[in-house]
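Everything numeric in this text was worked out from a predicted model, so none of it was measured. Atom set for the values below is all heavy atoms of this structure, side chains included, hydrogens, waters and symmetry mates excluded. Below, chains carry the letters A, B, ... as their sequence lines are ordered, and counting in each starts from 1.
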Amino acid sequence: MPELPEVETVKRSLERLITGSAITDVNVLFPKVVKSHTPGDFKASLAGCKIKSLARRGKYLLVHLSGDKTLVIHLRMTGRLVYLEEKDDLPRYAHVIFYLEGGKRLVFADMRKFGHINLIPTAQLKNMPELKKLGPEPLGKEFTVQYLQQELRKRRTKIKALLLDQTFVAGLGNIYADEALHLAKIHPERTAQGLTGSEAAGLHHAIIKVLEQGIKNRGTSFSDYVDGEGNIGTNQYQLKAYQREGEPCSNCGTIIERKKVAGRSSFFCPQCQSSKR
DNA sequence: CGATTCCCCTGATAGC
DNA sequence: TGCTATCAGGGGAATC
């Protein structure tokens, strides 16, 4: 599933391919994907716009266009945004096709149809509810040990639930939340308030570490994720907990367990990540 | 405030 | 072989 490292990789891979290109036409094959416009209005609003730059906020990919408009794209679980050469076939589950100059295309495809696209005036980005609610970027300077400690103290919820809460910190999903907790040796069901100061500091470090490693490995490709050129990442080979139920922990050899926490499958080492302090 | 459940959607998997 | 029931999961909404 595309989380921060995957969206960042999509962004980086597309950047050099589509920046500067003009959108010549748009074809919306599955209208529900575009939340902000009808297919006709979407096409009319985009025709002639030039792709100025790409950005990312949490798990959102932002495509800044000429005319002070921005495409806000969320891939959710199985969404893909891929660049196609003229000769390339359309991928399965293609829902929106952006035709670019020179016969190139940018395609939004999504098997599960959970992903979505909004086109909004760039000036209104900061007022957009979905973006406005997001917590700090975990790789940004706002996400400090102090911020983490102070937020943990406020919350009675389980730490796993908090890591998945995008208003707390933006960009972690099930994979990197489990990896960060494993690296920090914290059980997913520990309460946020119950963590010690040094555990919070360790978790802060772990979150940054697993995300940076994910980006370095160009994302985790488990089921559907590929970058903007359709290439899979390699971070799935580096995971220590996620999807490793029944396998020995890389630290201590204890068998990794799986349990539903905060409504999501959680993978953890019952030895390293003790539920007690 | 926090916990839980439903919903969206469809491929994979298990059970018959 | 082929059908059907169940599950996974990001995130928002509704409910308790």
Side-chain angles (χ1 to χ4, degrees), chain A residues 1-10 28-36 56-62 72-81 91-96 108-118 127-135 137-138 150-181 187-195 207 210-211 214 219-226 232 235-236 239 241-246 256-268:
Chain A
M1 310 129 256
E3 303 178 21
L4 187 152
E6 289 73 36
V7 179
E8 181 65 25
T9 304
V10 170
V28 178
L29 305 170
F30 186 74
K32 272 182 81 171
V33 161
V34 181
K35 300 289 177 192
S36 58
R56 179 191 56 74
R57 177 74 176 97
K59 301 179 196 173
Y60 290 86
L61 184 70
L62 310 178
V72 180
I73 301 172
H74 200 299
L75 302 173
R76 291 288 185 102
M77 295 176 54
T78 55
R80 294 177 169 190
L81 196 63
R92 290 186 77 184
Y93 317 109
H95 302 321
V96 181
F108 175 86
D110 186 2
M111 180 180 81
R112 292 282 202 279
K113 298 179 173 172
F114 284 4
H116 58 257
I117 301 175
N118 278 287
N127 301 322
M128 193 182 184
E130 303 170 71
L131 296 181
K132 205 174 175 178
K133 283 189 295 189
L134 295 179
E137 284 292 322
Q150 134 202 335
E151 289 301 308
L152 292 180
R153 274 199 298 270
K154 288 188 209 163
R155 309 291 215 98
R156 300 172 177 284
T157 191
K158 291 169 183 155
I159 187 61
K160 172 71 183 275
L162 192 57
L163 293 182
L164 294 177
D165 181 352
Q166 303 299 299
T167 68
F168 158 69
V169 60
L172 288 173
N174 216 23
I175 299 173
Y176 295 96
D178 278 4
E179 291 301 303
L181 288 171
H187 192 283
E189 290 180 298
R190 294 277 301 281
T191 64
Q193 277 182 337
L195 300 189
I207 288 168
V210 299
L211 292 175
T220 302
S221 293
F222 255 118
S223 48
D224 298 274
Y225 164 72
V226 291
I232 63 168
N235 201 56
Q236 59 277 21
L239 301 180
Y242 186 77
Q243 284 291 335
R244 297 223 173 275
E245 180 186 18
I256 298 288
E257 290 181 9
R258 172 185 185 144
K259 184 177 183 185
K260 199 152 225 168
V261 178
R264 293 286 175 267
S265 292
S266 294
F267 300 86
F268 60 95

Could you pick out which residue, Y93(A) or R76(A), lies toward the 5' side of DNA chain B when each is mapped onto its nearest nucleotide?
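First, find each residue's nearest nucleotide; the 5'-ward one identifies R76(A).
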Would you classify [X] as touching base, sugar-phosphate or nothing, given that sugar-phosphate means primed atoms plus P, OP1 and OP2, and contacts are heavy atoms under 4.0 Å?
X	answer
D110(A)	nothing
Y242(A)	sugar-phosphate
S265(A)	sugar-phosphate
R156(A)	sugar-phosphate
M77(A)	base

Check R57(A) with E137(A), please: is the shortest side-chain N to carboxylate O separation under 4.0 Å?
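Yes.
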N-O pairing of D165(A) and R155(A) below 4.0 Å
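Counted as a salt bridge, because a side-chain N and a carboxylate O are separated by less than 4.0 Å.
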Considering only side-chain heavy atoms of [X], which listed nucleotide, [options], is closest?
X	options	result
Y60(A)	dA8(C), dT10(B), dG12(C)	dG12(C)
K59(A)	dG11(C), dA8(C), dG11(B)	dG11(C)
M1(A)	dG9(C), dC8(B), dG2(B)	dG9(C)
M111(A)	dG9(C), dG11(B), dG2(B)	dG11(B)
H74(A)	dG10(C), dG9(C), dG2(B)	dG10(C)
K133(A)	dG12(C), dG11(B), dG10(C)	dG12(C)

Taking CG from L131(A) and C1' from dG11(C), how many angstroms apart are they, rounded to a whole number?
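Value for this atom pair: 14 Å.
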Spacing between Q243(A) atom CD and dC7(C) atom P, to the nearest angstrom
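To the nearest whole Å, that distance equals 17 Å.
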So is the aromatic ring of F114(A) stacked onto the base of dC8(B), judging by whether the centres are under 5.5 Å apart and the planes are under 30° apart?
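Stack criterion met.
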What class does the angle between the rings of Y60(A) and H74(A) fall in, given that below 30° is parallel, 30 to 60° is tilted and above 60° is perpendicular?
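The rings of Y60(A) and H74(A) stand perpendicular, inter-plane angle above 60°.
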Judged by atom type as modelled, is there a donor-acceptor pair below 3.5 Å linking the side chain of Q193(A) to the main-chain atoms of R156(A)?
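Answer holds: no.
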With no hydrogens and no angle check, is any side-chain donor or acceptor of H95(A) less than 3.5 Å from a backbone partner on K113(A)?
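Not a single qualifying donor-acceptor pair exists.
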For a quick check, tell me whether the side chain of R264(A) and the base of dG10(C) share a donor-acceptor pair closer than 3.5 Å.
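Such a pair exists between side chain and base.
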